[in-house]
Amino acid sequence: MPAITFYKHEPIPMEMHKVKIVQQLHLLPTAQRLEKMQQAGFNTFQLHNGDIFLDMLTDSGVNAMSDRQQAAMLQADDAYAGSETFFRMQAKLQELFGIENCLPAHQGRACENILATRFVKPGNCVIMNYHFTTAKAHITRLGGRVEELVKKEGLVSHSGLPFKGNIDLDALESCILKETPSNVPFVRLEAGTNLIGGQPISYTNMKAATAICRKYKILTVLDASLLQDNLYFIKTREEGMQGKSVREITRMIADLFDIIYFSARKFGFARGGAILVRDKKLFHSMEDLIPMFEGFLTYGGMSVKEMEAMTVGFEESMDMDVISQGPQFIDYCVKRLDEYGVPVITPGGGLGAHIDVKEFLPHVPQSEYSAGALSCALYICGGIRGMERGTLSEEREPDGTERIASMELLRLAFPRRVFTLSQTEYVIDRVKWLFDHRQLVGGLEFVHEPATLRFFTGVLKPIGDWPEKLAAAYRADFGDEQ
Ligand code: F0G
């Protein structure tokens, strides 16, 4: 990564790519955005993309592809069985991770389904640094439980700590002893914790945690979906790592784990997933689940074109110029919001900028889904779609009581190589406006509440007429057209 400095300007992130293909954007007038939000049941997942100005819902499957990825798609080898494309992908993964055995699956949650189906029995406890919604849903579906042991400091929103995704090593060992090793089918470490601000986990912590697991003969699983950001943070923040290449760090991490899985909607900048299994016997014991749930063992439900793009994407993830873009834009956004006094998770992590909604909207209780409400408010005031990562994303307790999330966040994802700095400035500007008008934002309640993963399809309504009042204040400042 060349450190480009400016003659007359504060440092700003510099893209090491240029735009070749664009998609036109439209900004609906405020009154129409209010209407669209009502039609979407105050759930940003239910909006139509054409009604959105800046889609910061996720980085999943919406990263900009490179010219080399697009070119590789043309050489995809279509075959039900034995596609050459699969063998190219497998070889690249073996080169980078040192594991030969590869089970393809159509996306990350499909890998989680396979892993849970193979390993989780009723009453089992899966230990994690932090859960991810779909990883947990598959475990609980099969009667298992999840124990989250991220270090307490990981849940403090403002901090200068570089690795807030680290697992508490003492708690890990005590939990294994309390549960007994035979009741822990695997320990899952998420590199780049999704739900607590994209905060990374250090190599040192992964090494120590996996050593504890080995001592008790417990399988170690790495969720590498957000690995590219985590690699950037290890290289730039971890002591002793600056001199190592991204490729070397990747291999050092991989060598610690028995199983590595990922969503290639994130890692690899395409759309797919895979599970790498070190042990041949274990691999064979999982193989039959792929044709049953995904597709034949050489495509796993993926389009071969996407597999070709993934293979190039894995290689591009070894390049600091490529993997710096996301974290640097996020850092820029987080710092600017912080300067404005907007409560954000610091330091900036991967995936996106995260707003601490408990502090942003102290007058809205979490039981009224304050992060969900703020996501709707930001769409109404600016046409920006973010994602709720808080109480709405939790499942209720078995007795039906609300499970209040430890962090109540609004995530503004930065899909890689998609948004420009002026668009980032617009987002910062509208979030600041909303912060200055935060008293106008109220809560939400369910009209229809699905039993699982309710944030995807739930229908909600505002408590009171706050969206109308908020839209009126916005129109008073910016006029009817924007
Ligand atoms: N693990 C992590 C850490 C993830 O961030 C995701 C997806 C998955 C697993 C599941 O992968 O979507 O391909 O099935 N995260 C997306 C997001 C959905 O928007 O944060 P998937």
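Any value given below was found using the heavy atoms of this structure, including those in side chains, with hydrogens, waters and symmetry copies removed. Whatever order the structure lists them in is the order used to number ligands and atoms, beginning at 1. All residue numbers refer to positions in the sequence shown, counting from 1.
The S225 neighbourhood of ligand 1 comprises atoms 1 (N), 2 (C), 3 (C), 9 (C), with distances under 4.0 Å to a heavy atom of that residue. Proximity to M387 (heavy-atom distance under 4.0 Å) selects the following atoms of ligand 1: 19 (O). The S263 neighbourhood of ligand 1 comprises atoms 11 (O), 13 (O), 21 (P), with distances under 4.0 Å to a heavy atom of that residue. Residue E190 approaches ligand 1 through these ligand atoms, each under 4.0 Å from one of its heavy atoms: 3 (C). Against a heavy-atom cut-off of under 4.0 Å, R109 is close to the following atoms of ligand 1: 10 (C), 11 (O), 12 (O), 14 (O), 18 (C), 21 (P). Close contacts between ligand 1 and E112 involve ligand atoms 1 (N), 9 (C) [criterion: under 4.0 Å to a heavy atom]. Close contacts between ligand 1 and T58 involve ligand atoms 17 (C), 19 (O) [criterion: under 4.0 Å to a heavy atom].
F163 and F233 have their aromatic ring centers separated by at least 6.0 angstrom. In summary, the aromatic rings of Y299 and Y80 are positioned with their centroids under 6.0 Å apart. In this structure, the ring of F42 has its center no less than 6.0 angstrom from the ring center of Y369. The six-membered or imidazole ring of F97 lies away from that of F257, with a centre-to-centre distance of 6.0 Å or more. For F314 and F262, the distance between ring centers is under 6.0 angstrom.
Residue contacts with ligand 1: R271 is excluded, as none of its non-hydrogen atoms falls under 4.0 Å.
Within the 4.0 Å heavy-atom criterion, both parts of Q107, backbone and side chain, lie near ligand 1. Residue contacts with ligand 1, taken as heavy atom pairs separated by less than 4.0 Å, do not involve H106 at all.
Geometric assessment of R188 against the ring of Y261 yields a negative cation-pi assignment under the 6.0 Å and 45° thresholds.
Closest to atom 8 (C) of ligand 1, if we only count protein heavy atoms, is F132 CE2, 3.4 Å. The protein atom (non-hydrogen) at minimum distance from atom 15 (N) of ligand 1 is K266 CE, 3.0 Å. At the top of the distance list for atom 5 (O) of ligand 1, counting protein heavy atoms only, stands N194 ND2, 2.7 Å. Nearest to atom 1 (N) of ligand 1 among the protein's heavy atoms is D223 OD2, 2.6 Å.
Between K136 and E112 there is no salt bridge, since no side-chain N of the basic residue sits under 4.0 Å from a carboxylate O of the acidic one. Ion pairing of R416 with D229 is present here, as a side-chain N (NZ or NE/NH1/NH2) and a carboxylate O approach within less than 4.0 Å. At a threshold of 4.0 Å, the pair R271-E306 counts as salt-bridged, since one of the basic side-chain nitrogens sits closer than that to a carboxylate oxygen.
Counting heavy atoms from C-beta on, the side chains of L351 and R411 come closer than 4.5 Å. S317 is listed as a side-chain neighbour of F269, based on a closest heavy-atom distance under 4.5 Å.
Looking at L57 next to ligand 1, no N or O pair under 3.5 Å apart turns up. Looking at Y261 next to ligand 1, no N or O pair under 3.5 Å apart turns up. Between R265 and ligand 1, not a single N/O pair is under 3.5 Å apart.
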